[in-house]
Amino acid sequence: MANIKKIAVLTSGGDSPGMNAAIRSVVRTCAYLRIVCVGIYRGYEGMIEGDFEPMNARSVNNIINKGGTILKSARSKEFRTKKGREKAFEQLGFSLIDAFVVIGGDGSFTGALKFNKEFDVPFIGIPATIDNDIYGTRYTLGFDTALNTAIEAIDKIRDTASSHRRLFFVEVMGRDVGHIALHSGLGAGAEEILIPEEEFGLERLLKSLKRSKARGKTSSIVVVAEGDKTKGKNVYELKEYVEKNLPIYDVRVCVLGHMQRGGAPSCFDRVLASRMGVKAVESLVEGKTNFMTGIIDNQITLTPISEAIKGKTKIDKELIRVSDIMTT
Ligand code: F6P
């Protein structure tokens, strides 16, 4: 057992629904284990500035159901400098903080690992990003909520597409991976799904849209991952390409954007956040560091951060096969 008396918690990088539930779990687990807990505002930026606030079990009342993060988040350029990390280390020292939990993505974990190697401050990472692209966990916090937000929006788009017999290209987030597009496209019954992991090709897209039309479909939805590179065309250029080469459709574009990052977290994300928060604090107390919590086969696991930041989760080929069959 390590002699951990004070643990800090911070959220870093792009926010995601479920971060507040994770903060709540870390704070409540510290209270349960009689460990002092401190919240750090604005990620590593706040760590460098000493923007800290003591937190107790009551500080996290009524936040489990709130999107965003009460501790705010940021991407800190200064923390990428040795000077910045030295300032952060001094701030932790002034506040007698023994360890920290960082809730964020692989960029945030990379920073924590570098900081640990230089100053030996123990930390555990909790994977929180809507992209679901972190190696070492089946689900990252926010992915399930973002999927439900996306299919709710796509269902609404389908209503108006059907009324006006239109083709919609709907762009979803995911940075350079297609997990949100593949799952939400399948869940929303999209006619086609374009993801960076699969070179779908423009000819195949036209052929598929022609086939849909020939089968009597008067409206269609194509879900496009923002990182998709179908012949280097963005979603607006895809619209122009189809209008030019398949003038049987009235085409529109809808970019869902940052609404996928907000909203009340789903039950799944709340429960996952609660489980990961407990695992993170207990691991620090047991003397562990440089690990990321994860969920694999419904078990909460620990993956070495050095592996988590290197890997990317592979696209689910079985889902691609199911999606192909569904467009029959
Ligand atoms: O990583 C989460 C994410 O929402 C990506 O899906 C998206 O590409 C990116 O963040 C947007 O970053 P920002 O919030 O800085 O615009």
Side-chain angles (χ1 to χ4, degrees), residues 9-16 18-19 22 43-44 47 73-82 84-85 88 99-144 146 173-183 195-199 225-229 261 272-273 275-277 279-280 283-284 286-320:
V9 57
L10 65 146
T11 47
S12 171
D15 69 327
S16 75
M19 279 188 161
Y44 295 124
M47 193 189 276
S73 185
R75 295 185 174 100
S76 167
K77 286 197 177 58
E78 194 178 1
F79 195 73
R80 292 191 186 160
T81 67
K82 181 73 186 284
R85 293 191 293 273
F100 64 94
V101 175
V102 50
I103 304 164
D106 47 1
S108 307
F109 298 160
T110 303
L113 185 60
K114 201 171 177 73
F115 187 60
N116 171 271
K117 296 282 180 228
E118 289 165 345
F119 302 103
D120 197 23
V121 180
F123 77 96
I124 296 288
I126 293 180
T129 169
I130 64 168
D131 302 345
N132 204 41
D133 60 349
I134 301 178
Y135 174 82
T137 185
R138 180 70 187 77
Y139 298 103
T140 55
L141 288 184
F143 177 59
D144 182 63
M173 279 188 161
R175 202 178 290 277
D176 50 11
V177 297
H179 300 303
I180 295 176
L182 184 54
H183 286 74
I195 55 177
E197 296 88 347
E198 292 275 312
E199 179 46 58
E226 64 176 340
D228 174 65
K229 297 175 182 56
R261 288 259 290 270
L272 181 59
R275 295 174 71 186
M276 286 186 171
K279 184 72 175 178
S283 300
L284 286 170
E286 289 159 12
K288 295 192 177 84
T289 184
N290 303 13
F291 283 99
M292 178 194 82
T293 61
I295 182 165
I296 297 172
D297 299 334
N298 199 32
Q299 297 302 308
I300 301 297
T301 58
L302 289 178
T303 298
I305 280 284
S306 53
E307 287 176 30
I309 59 178
K310 271 206 279 300
K312 281 271 181 205
T313 46
K314 298 227 177 321
I315 204 76
D316 187 335
K317 296 279 187 198
E318 190 259 342
L319 276 189
I320 293 176

Contacts under 3.5 angstrom, residues 125-132 side chains, donor-acceptor by atom type, not counting sequence neighbours:
unit_1: T129; atom_1: OG1; unit_2: D131; atom_2: N; d: 3.1
unit_1: N132; atom_1: OD1; unit_2: T140; atom_2: N; d: 2.8
unit_1: N132; atom_1: OD1; unit_2: T140; atom_2: OG1; d: 3.3
unit_1: N132; atom_1: ND2; unit_2: R138; atom_2: O; d: 3.3

Which pairs would a plain distance check flag for residues 292-303, meaning a side-chain donor or acceptor within less than 3.5 Å of a matching protein atom at least two apart in sequence or in another chain?
unit_1: N298; atom_1: OD1; unit_2: R275; atom_2: NH1; d: 2.9
unit_1: T301; atom_1: OG1; unit_2: G294; atom_2: O; d: 3.4
unit_1: T303; atom_1: OG1; unit_2: G136; atom_2: O; d: 3.4

Solution key, residues 100-112 side-chain donor-acceptor pairs under 3.5 Å, sequence neighbours excluded:
unit_1: S108; atom_1: OG; unit_2: S12; atom_2: O; d: 3.4
unit_1: S108; atom_1: OG; unit_2: S12; atom_2: OG; d: 2.7
unit_1: T110; atom_1: OG1; unit_2: D106; atom_2: O; d: 2.8

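The environment of NZ in K314 is sparse: at most 12 heavy-atom neighbours from other residues, nucleotides or ligands sit within 6.0 Å.
Applying the salt bridge (charged side-chain N to carboxylate O under 4.0 Å, His left out) test to D228 and every residue at least two apart in sequence or in another chain returns nothing. With sequence neighbours left out, the side-chain hydrogen bond (donor to acceptor under 3.5 Å, both in side chains) criterion links K279 to no other residue. In terms of the side-chain hydrogen bond (donor to acceptor under 3.5 Å, both in side chains) criterion, R75 has no residue partners (sequence neighbours excluded). When the ring pair (Phe, Tyr, Trp, His ring centres under 6.0 Å) test is applied to Y135, no partner is found at least two apart in sequence or on another chain. Judged as a side-chain hydrogen bond (donor to acceptor under 3.5 Å, both in side chains), and not counting sequence neighbours, the contacts of E78 are K87. Shown here are the ring pair (Phe, Tyr, Trp, His ring centres under 6.0 Å) partners of H179, two or more places apart in sequence or in another chain: there are none. A search for side-chain hydrogen bond (donor to acceptor under 3.5 Å, both in side chains) contacts involving E197 returns nothing, not counting sequence neighbours. Among residues two or more places apart in sequence or in another chain, the salt bridge (charged side-chain N to carboxylate O under 4.0 Å, His left out) test is passed with E198 by K317. For K114, the side chain to side chain contact (heavy atoms under 4.5 Å, CB included) test picks out R85, E118, with sequence neighbours left out.
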With side chain to side chain contact (heavy atoms under 4.5 Å, CB included) as the criterion, how do F79 and F115 come out once you've worked through the C-alpha distance, each side chain's angles and the decisive distance to 0.1 Å? CA-CA 9 Å; F79 195 73; F115 187 60; 3.7 Å; yes
Show, in sequence, the C-alpha distance, side-chain angles and deciding distance for K117 and N290, and conclude whether the side chain to side chain contact (heavy atoms under 4.5 Å, CB included) test is met. CA-CA 10 Å; K117 296 282 180 228; N290 303 13; 3.9 Å; yes
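Taking CD of E286 as the reference point, atom OG of S283 lies at 5.5 Å (rounded to 0.5 Å). Considering OG1 of T313 and CZ of F143, their distance stands at 8.5 Å, rounded to 0.5 Å. Note that the CD1 atom of I134 and the CG atom of L141 stand 9.0 Å from one another [nearest 0.5 Å].
Annotation for G18 and A273: closest pair O-CB, 3.6 Å, computed over non-hydrogen atoms. Between G227 and P196, the shortest heavy-atom contact is O-CB, 3.4 Å. Residues P304 and F291 come closest through the heavy atom pair N-CD2, 3.6 Å.
Looking at K312 and D176, their side chains come closer than 4.5 Å, going by heavy atoms from C-beta outward. With contacts defined as side-chain heavy-atom distances shorter than 4.5 Å, the pair L10/M47 qualifies. A 4.5 Å side-chain heavy-atom check between I309 and L113 finds at least one atom pair inside the cut-off. Side-chain atoms of I320 and I195, non-hydrogen and from C-beta on, do get closer than 4.5 Å to each other.
For T289 (side chain) and F123 (main-chain N/O), a donor-acceptor pair under 3.5 Å exists by modelled atom type.
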